Amino acid sequence: MTRTTALRLGAATLLLPVTASCVTVRPPDKPIEINLNVKIEQEVLVRLQRDVDQLIKNNPDAFPQQPEGGVPRQ
Amino acid sequence: MTRILAMLGAALLASAPAAAQPALGQARAAGQVGERYDGYLGLAATADASVRTQVNAVNIKRRALYSQLASSRGVAPGDVGLTAGCELLGRVAVGEAYLLADNRWRRRTAGQSAPVPDYCG
């Protein structure tokens, strides 16, 4: 019993500095970069762009526009 | 009484399809549903069954369209999806959710430009 209490006290003392330490969050100086491992040939992308635009425009049921108008927002 | 209830039920059923489409728009505006980088819609948060059904229906249509275009242009359907993803990410409105290739859902905040990845060119 006493041994258990002593053990607990010991554990608590060990944990104390950890719990007492303060966590500071500093915003990064550089903009956050997201590494995206997407493999697509630029040439393929450029070649498909016009077709895809038409596809989106001609199939509103597959590409529903937002109610407040279909103008692309930049 | 039974007749009134039956009429009420019929009225509710009749109004269901009309309410189906706005549900998706609302879920999108609320950040529950968003565009994915691969050209498909995805669930950023839990959404009710009707929204999930609509997302699936849209994605089935998109898959068919991408496959069709891919075979006529001799490219992979995934490439068509990624190209569409570039276009669709450019249309993400403020407050809407979107998924990039790191598989993390984010929401476009006010003042933030459309989340078009660099590979989109």
Side-chain angles (χ1 to χ4, degrees), chain A residues 4-5 7-74, chain B residues 21-22 24-26 28-29 33 35 37-41 54-55 57-66 68-70 72-76 78-96 100-104 106 108 112-121:
Chain A
T4 327
T5 320
L7 272 171
R8 277 196 191 141
L9 259 170
T13 325
L14 275 171
L15 280 172
L16 209 65
V18 180
T19 46
S21 68
C22 182
V23 179
T24 48
V25 179
R26 227 175 274 166
D29 301 331
K30 287 185 231 163
I32 301 162
E33 278 180 36
I34 307 156
N35 185 27
L36 302 175
N37 291 316
V38 169
K39 279 184 185 153
I40 181 163
E41 303 267 338
Q42 282 298 306
E43 178 255 326
V44 173
L45 200 114
V46 170
R47 195 150 54 92
L48 289 173
Q49 230 145 25
R50 192 175 289 179
D51 291 330
V52 163
D53 285 353
Q54 285 300 315
L55 195 80
I56 292 171
K57 201 186 285 178
N58 296 337
N59 296 281
D61 51 338
F63 303 95
Q65 297 292 318
Q66 286 301 78
E68 59 264 36
V71 186
R73 280 148 290 199
Q74 294 297 316
Chain B
Q21 213 44 39
L24 187 61
Q26 279 166 14
R28 196 195 282 236
V33 169
E35 292 292 347
Y37 72 98
D38 59 0
Y40 292 95
L41 278 181
Q54 286 178 73
V55 167
V58 162
N59 283 343
I60 288 166
K61 285 176 198 160
R62 288 188 183 183
R63 181 161 292 125
L65 292 166
Y66 296 161
Q68 220 176 343
L69 183 59
S72 73
R73 292 287 178 271
V75 295
D79 284 351
V80 179
L82 284 172
T83 309
C86 288
E87 175 62 32
L88 296 165
L89 286 173
R91 300 181 183 198
V92 170
V94 169
E96 287 181 7
L100 298 182
D102 62 348
N103 270 315
R104 270 190 57 196
R106 296 178 177 81
R108 183 177 171 187
Q112 184 197 336
S113 57
V116 183
D118 285 345
Y119 63 77
C120 291

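Note that the structure is predicted; figures quoted are calculated from it, not measured. Below, chains carry the letters A, B, ... as their sequence lines are ordered, and counting in each starts from 1.
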Chemist: Quick one: what part of A/Ile56 sits under 4.5 Å from any heavy atom of chain B, side chain, backbone, both or neither?
Modeler: side chain

Chemist: Would you name the heavy atoms of A/Leu45 and B/Cys120 that are closest together and state the gap between them?
Modeler: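 Nearest pair, atom of A/Leu45 first, then B/Cys120: CD2-O, 3.0 Å.
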
Chemist: Is the number of heavy atoms from other residues, nucleotides or ligands within 6.0 Å of CD (A/Gln54) greater than 12?
Modeler: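 Yes.
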
Chemist: Using side-chain contact (heavy atoms from CB on, under 4.5 Å), reason through A/Leu55 and B/Tyr66 one step at a time and then give a plain yes or no.
Modeler: CA-CA 9 Å; A/Leu55 195 80; B/Tyr66 296 161; 3.9 Å; yes

Chemist: Chain A: which of B/Arg104, B/Arg62, B/Lys61, B/Glu35 shares the most heavy-atom pairs with it under 4.5 Å?
Modeler: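 Looking at each option in turn, the highest pair count goes to B/Arg62.
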
Chemist: Might you point out which heavy atoms bring B/Leu24 and A/Pro64 nearest each other, and give the distance in Å?
Modeler: CD2-CG, 4.0 Å

Chemist: Checking B/Leu65 against chain A: side chain, backbone, both or neither under 4.5 Å from a heavy atom?
Modeler: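 Interface part for B/Leu65: both.
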
Chemist: Under a 4.5 Å cutoff for heavy-atom pairs, which residue among B/Ile60, B/Val75, B/Asn59, B/Asp79 has the most contacts with chain A?
Modeler: B/Asp79

Chemist: For B/Ala101 versus A/Val38, what's the shortest heavy-atom pair and its separation?
Modeler: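 Smallest heavy-atom distance, with atoms named: CB-CG2, 3.4 Å.
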
Chemist: Taking CG in B/Asn103 as the centre, count heavy atoms belonging to other residues, nucleotides or ligands within less than 6.0 Å. Is the count above 12?
Modeler: yes

Chemist: Using heavy-atom distances under 4.5 Å, tell me whether A/Asn59 contacts chain B through its side chain, its backbone, both, or neither.
Modeler: side chain

Chemist: If every non-hydrogen atom of A/Arg47 is compared with every non-hydrogen atom of B/Arg73, which pair is closest and at what distance?
Modeler: NH1-O, 3.6 Å

Chemist: Output the option from A/Val44, A/Asp53, A/Asp51 having the highest count of non-hydrogen pairs under 4.5 Å with chain B.
Modeler: A/Asp51

Chemist: At a heavy-atom separation under 4.5 Å, does A/Gln42 approach chain B through its side chain, its backbone, both, or neither?
Modeler: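 It is the side chain, since no backbone atom gets that close.
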
